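When reading the values below, keep in mind they use all heavy atoms of this one structure, side chains included, and skip hydrogens, waters and symmetry mates. Computed from a predicted model, the values in this text were never measured in an experiment. First the proteins, then the strands, lettered A, B, ... as listed; each starts at 1.
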Protein chains: 2
Amino acid sequence: MSKFYQSVTADIVIFTIENDELKVLLIKRVKKPFKNQWALPGGFLLENEPPEKAALRVLRDKAGMGNMYMEQLYTFPGSGRDPRGNVITVTYFALAPINKMLAKPNKGQNPTLHLLKKLPELAFDHEKIIDYALKRLRSKLEYTNAIYSLLPKYFTFNHLQKTYELIFGRKLDKRNFRKKFMMLGLIKSTKKLHKGIRQRPAQLYQFTSRKPTELKKFF
Amino acid sequence: MSKFYQSVTADIVIFTIENDELKVLLIKRVKKPFKNQWALPGGFLLENEPPEKAALRVLRDKAGMGNMYMEQLYTFPGSGRDPRGNVITVTYFALAPINKMLAKPNKGQNPTLHLLKKLPELAFDHEKIIDYALKRLRSKLEYTNAIYSLLPKYFTFNHLQKTYELIFGRKLDKRNFRKKFMMLGLIKSTKKLHKGIRQRPAQLYQFTSRKPTELKKFF
DNA sequence: ACAAAAGTGTTCGATATACACCCATGT
DNA sequence: ACATGGGTGTATATCGAACACTTTTGT
């Protein structure tokens with residue numbers, strides 16, 4: 001059998017939470033096709049570059065971000081979806097707390113956070129990819145500790161709960177949430193308090209580990 | 001940014017159950033690299049061929065099989081894993097009941113079922129891919145009706161239970177299994193009986209639907 | 001004093017698990 | 001008659017869901 005060559009891109013869905021809203025990072029395309037439309041940050045693989053390396057490069061160069069949680073999502077076929085011809089897209093999804101986002105944004109591409117609920121019209125089939133990523137995000141939170149990657153080092157229980165509520169789109173019971181989460185042993189209390197607000201100060205917590213771990217059960 | 005081109009393969013992990021054992025289909029490589037070693041069926045993508053089409057083509061041409069349950073697994077990088085250079089591998093996993101396997105096997109490649117527990121030394125990183133596939137298979141059985149794709153049209157409750165036991169590697173309680181499974185409403189009793197054996201004949205069941213469906217819960 | 005979020009237990013229903021005997025058939 | 005898997009119910013433990021009031025701070 002003869003070999004044929006494909007052009008391959010890596011596209012990344014980067015989620016974060018800002019102002020109690022789940023957001024996605026989009027860039028504005030400066031080239032054809034879909035010039036001036038919003039799209040996921042992405043780019044072609046370089047020679048001999050593994051897809052994951054390419055994704056990390058895009059994260060750095062196009063979105064101006066350093067290390068964060070990232071995993072592969074799915075590989076989409078090119079036929080029919082990209083006017084440039086036969087392009088295969090390996091997609092990734094990444095999570096970061098807002099304070100790690102956009103450290104050194106690439107101004108030319110205008111990377112901007114968009115409300116997940118109110119996305120603009122997107123290039124290629126990027127809307128479908130974002131849907132897929134959200135599904136994966138939810139499922140990951142059910143059986144891993146991935147939530148740590150959306151939170152800063154210190155956080156309150158309320159902050160943690162709000163994060164789940166935003167992603168799953170439903171309210172949770174405060175007492176049950178605490179009970180269940182404490183039993184998992186993922187977080188530990190610090191002696192610090194969240195001061196400087198006009199209510200009773202809350203305990204600050206931190207994760208016992210910030211490495212990806214699978215859990216038996218969850219939500 | 002300039003475009004570079006990659007060569008891309010599709011490799012498939014095909015599981016089936018034969019003689020109460022979970023097995024994987026392997027072919028014997030006829031070309032370098034890894035000539036004469038066992039490997040997953042796979043091949044390069046043709047020009048403009050989407051990865052999934054290529055996987056289906058491999059299923060047909062290399063393994064001699066028609067339609068069956070198949071889904072994408074993961075896309076592995078090429079660097080360092082394939083002596084042929086920079087190859088990206090999109091992997092799939094497929095399931096079929098033994099009676100659908102090897103209808104028209106490609107004799108040259110010698111496609112053969114191997115005990116999952118006792119695999120020979122494999123080409124490339126195919127052992128890692130099989131491990132990954134087994135993990136996915138187990139997880140799929142926990143929240144989808146995928147099990148239908150490993151069973152023939154008519155089957156006994158015992159056959160169904162054995163199938164789960166084999167894949168998860170542990171015994172299940174007969175009564176609890178029945179109770180739970182019947183509540184799911186995935187199967188319906190037929191009037192037929194499993195005759196021609198020397199014990200009391202068992203009821204034959206069939207799936208109410210043979211389309212992939214997600215369930216709320218499972219095992 | 002009051003506004004605002006923090007923190008804390010118990011009850012109830014649903015689900016999962018453990019467990020043993022009789023039945024129908026072929027030989 | 002007997003060997004073999006087929007078929008059935010109950011009791012207990014565990015887990016998840018519902019639910020309201022007191023506490024601590026800043027203003």
Just by protein heavy atoms under 4.0 Å, how would nucleotides 20-27 of chain D read 5' to 3' in B, S and -?
B--BBBSS
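Rounded to a whole Å, the CZ atom of B:F177 is 13 Å from the P atom of C:dT17. Whole-Å rounding puts the B:Q161 CD to D:dG6 C1' distance at 12 Å. Regarding A:L160, its CG atom lies at a distance of 15 Å from the C1' atom of C:dG7, rounded to whole Å. Note: CE (B:M183) to P (D:dT8) measures 15 Å, nearest angstrom. Going from atom CE of A:M182 over to atom C1' of C:dG9 covers 16 Å, rounded to whole Å. Rounded to an integer number of Å, the gap from CG of A:L172 to P of D:dG16 is 13 Å. Summarising the geometry, the separation between CZ on B:R178 and C1' on C:dA18 is reported as 18 Å, rounded to the nearest angstrom. A straight line from CD of A:E142 to C1' of D:dG16 spans 14 Å, rounded to a whole angstrom.
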Please produce a list of atom pairs where a protein N or O lies less than 3.5 Å from an N or O of nucleotides 10-13 of chain D.
| from | atom 1 | to | atom 2 | distance (Å) |
| --- | --- | --- | --- | --- |
| D:dT10 | O4 | B:K179 | NZ | 2.9 |

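The side chain to side chain contact (heavy atoms under 4.5 Å, CB included) test applied to A:P212 returns A:Y69, A:Y148, not counting sequence neighbours. Residues passing the salt bridge (charged side-chain N to carboxylate O under 4.0 Å, His left out) test with B:K135 are A:E214, sequence neighbours excluded. Under the side-chain hydrogen bond (donor to acceptor under 3.5 Å, both in side chains) criterion, A:D131 pairs with no residue, sequence neighbours left out. In this view, B:E165 and B:Q161 satisfy the side-chain hydrogen bond (donor to acceptor under 3.5 Å, both in side chains) rule, not counting sequence neighbours. For A:T213, the side-chain hydrogen bond (donor to acceptor under 3.5 Å, both in side chains) partners are A:N145, not counting sequence neighbours. For A:E71, the salt bridge (charged side-chain N to carboxylate O under 4.0 Å, His left out) partners two or more places apart in sequence, or in a different chain, are A:R136, A:K140.
By the 6.0 Å contact criterion, NE2 on A:H194 is open, its count of non-hydrogen atoms from other residues, nucleotides or ligands being 12 or less. Summarising the local packing, CD of A:E127 is surrounded by 12 or fewer heavy atoms from other residues, nucleotides or ligands at distances under 6.0 Å.
In this structure, B:N158 reaches the sugar-phosphate backbone alone: every heavy-atom distance under 4.0 Å involves primed, P, OP1 or OP2 atoms, never a base.
Sorted by first and then second residue, the salt bridge (charged side-chain N to carboxylate O under 4.0 Å, His left out) pairs with a member in residues 194-206 of chain B form an empty list; sequence neighbours excluded.
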